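Below is one structure; the comments refer to it alone.
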Amino acid sequence: MSENQPTTGGPGLPQERVLRTEIPGPRSRELAERKAAAVARGVGTTLPVYVTAAGGGVVVDVDGNSLIDLGSGIAVTTVGNSAPRVVEAVQHQLERFTHTCFMVTPYEGYVRLAEALNELTPGSHEKRTALFNSGAEAVENAVKVARVHTGRQAVVVFDHAYHGRTNLTMAMTAKNMPYKNGFGPFSGEVYRAPLSYPFRDGLGGVEAAQRALSIVEKQVGAANVAAVVIEPIQGEGGFIVPAAGFLGTLARWCRENGVVFVADEVQTGFARTGAMFACEHEDVVPDIVVSAKGLAGGLPLSAVTGRAEIMDAAHVGGLGGTYGGNPLACSAALAVIETITEDGLLDRAAAIEKTMLERLTKLQAADPRIGDVRGRGAMIAVEVVRPGTIEPDPETTARVAAAAHREGVIVLTCGTYGNVLRFLPPLAIPDHLLDEGLRVLEGAFEATR
Ligand SMILES: Cc1ncc(COP(=O)(O)O)c(C=O)c1O
């Protein structure tokens, strides 16, 4: 361990960008060689700096570099890495017991978290929750519940959707490379409808929903549909915010046709967009909400929360898994909820949105390669195009991301066409680091002209 290494992470880490070596530095490169020899090639890395500590708005690597975090480990550490209440709660739980399996001998933390999720998710109807480990596992379980409740099989998903990498969720995910290529055959009874993508289709929300529903009615038949599953703002697909009225029109159609409306809030949930759940921005009340990522501050946990009569349709023993609702993860999630409430993080996400949209819109006015600036809360993106067109420019996108990485700012790309730069800062990031991160990004656009 070098003299540059902090012994703990969390918000107490110096909140500064420090570059001691090139990025990645020599120790990270050594580890990358060991990774190549030991880890399956299919597990890729975006920015191969090897981490020793993280907290607030920084990630510190083995070479002593301190990078500005605009990724939150893909929208997970919303309350910050090693957030104090999470550390305290998990330590407390760790000293008592680490696992019993809720399906064998249960514990209160699981029940408390279910109660909290039933309260926090949109709608005042009676609800039930079941806990799992990953986003994909929770999406699968939402589909299981919808099928057993309706006695139907078809699942409707959308263009640009991302729902995970398990067999069913690969079928539900739109993009072939890298998520699906060569991994078939995929699960059946999954049907894809066009999304609302205002930058590309120019349609209003109601009109886009009617286009999608007419295809569903003609090609699938409403009476065969168990569930419509949608991300209220698409994540991996390009941070696409549907036009106003799109989600509401879909939800209404579901209600009228006995179809379960499932909001996949894995990426958008838990304060990320400035509301506890992104559906709230549109006053949409889903039948089932799927949470993961930001839910447990970095511990693996996911949840399916829905109307009691839908969730209770599954027979006793039909839902579960060895680790689902692990006690450490439940204690972390309860501490995350407390942190969001006590630290006013919904307002913090709204303030981050204001700063980022202002700065990026200004950048767009000066740079014709930025076709669109969009997003909500601390989930903001720019879509990069060839000037004067809406033709995607994934090459420039990759060059801008690489330039930001070299300067010690973690940014991610996404989008069906690979031409979207997305920003997911932890809500614990201090203003001066957010400002510096944006300055580096502006410099990265300038350097790649
Ligand atoms: C909207 C959405 N659903 C599902 C998933 C899958 O979650 P996990 O990677 O935890 O399986 C993700 C992951 O990025 C996601 O963004």
Side-chain angles (χ1 to χ4, degrees), residues 42-46 71-78 121 130-144 146 155-175 177-180 183 186-187 190 192 195 227-242 247 261-273 277-279 284 286 288-305 321 323-326 329 332-333 336 375-381 412-416 418 420 422-424:
V43 185
T45 45
T46 300
S72 299
I74 321 190
V76 170
T77 51
T78 307
T121 47
L131 301 177
F132 304 95
N133 301 290
S134 68
E137 192 188 357
V139 171
E140 291 234 4
N141 276 279
V143 171
K144 279 164 65 171
V155 178
V156 172
V157 292
F158 290 83
D159 286 336
H160 313 287
Y162 183 87
H163 297 291
R165 297 168 180 266
T166 55
N167 188 263
L168 174 60
T169 59
M170 271 194 296
M172 296 169 69
T173 288
K175 193 172 174 179
M177 275 300 273
Y179 308 122
K180 302 166 74 162
F183 298 145
F186 303 114
S187 181
V190 174
R192 197 167 305 285
L195 186 74
V228 167
V229 183
I230 188 161
E231 301 154 79
I233 299 175
Q234 282 197 328
E236 306 298 307
F239 280 26
I240 305 163
V241 186
L247 294 174
F261 183 74
V262 180
D264 178 349
E265 293 245 17
V266 167
Q267 191 153 165
T268 49
F270 268 76
R272 177 51 60 186
T273 69
F277 293 93
C279 277
V284 167
I288 290 181
V289 174
V290 181
S291 317
K293 289 191 183 282
L295 168 62
L299 276 80
L301 185 68
S302 59
V304 181
T305 303
Y323 294 111
N326 167 272
V336 163
R376 288 195 206 274
M379 182 174 183
I380 303 290
L412 307 170
T413 60
C414 66
T416 298
V420 177
R422 60 170 155 170
F423 312 107
L424 293 156

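When reading the values below, keep in mind they use all heavy atoms of this one structure, side chains included, and skip hydrogens, waters and symmetry mates. From a predicted model like this one, the values you see are computed outputs, not experimental measurements. Whatever order the structure lists ligands and atoms in, that order sets their numbers, starting from 1.
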Checklist entry - Any idea which of Val76, Thr173, Asp264 brings a heavy atom closest to atom 3 (N) of ligand 1? => result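 Residue with the shortest heavy-atom distance to the ligand atom: Asp264.
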Next on the checklist: Going by the closest heavy atom to atom 6 (C) of ligand 1, which one wins out of Ala136, Ala138, Ala75, Gly237?
Outcome noted: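 That would be Ala136.
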Report, in ascending order of atom number, the atoms of ligand 1 lying under 4.0 Å from any heavy atom of [X].
X	result
Glu236	14 (O)
Ser134	10 (O), 11 (O)
Glu231	1 (C)

Expected output: side-chain [X] to main-chain [Y] donor-acceptor under 3.5 Å:
X	Y	value
Ser72	Leu424	yes
Lys180	Met170	yes
Gln267	Phe239	no
Asn133	Pro300	no
Glu265	Ala278	yes
Glu137	Ser302	no

Item to check | Check against side-chain contact (heavy atoms from CB on, under 4.5 Å), Thr173 and Arg165 | outcome: CA-CA 8 Å; Thr173 288; Arg165 297 168 180 266; over 6 Å; no
Checklist entry - So, for atom 9 (O) of ligand 1, does the protein have a heavy atom nearer than 4.0 Å? => result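 False for atom 9 (O) of ligand 1.
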Checklist entry - Hey, is Gly135 one of the residues with a heavy atom under 4.0 angstrom from ligand 1? => result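 Yes.
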Checklist entry - Contact between Arg165 and ligand 1, counting heavy atoms under 4.0 Å? => result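 It does not, in that no heavy atom of Arg165 comes within the 4.0 Å cut-off of ligand 1.
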Checklist entry - In terms of residue, atom name and distance, what is the protein heavy atom nearest to atom 16 (O) of ligand 1? => result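 Scanning the protein heavy atoms, the shortest distance from atom 16 (O) of ligand 1 goes to Gln267 NE2, 2.9 Å.
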Checklist entry - Identify the closest protein heavy atom to atom 4 (C) of ligand 1: which residue and atom is it, and at what distance? => result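 Protein heavy atom with the smallest distance to atom 4 (C) of ligand 1: His163 O, 3.3 Å.
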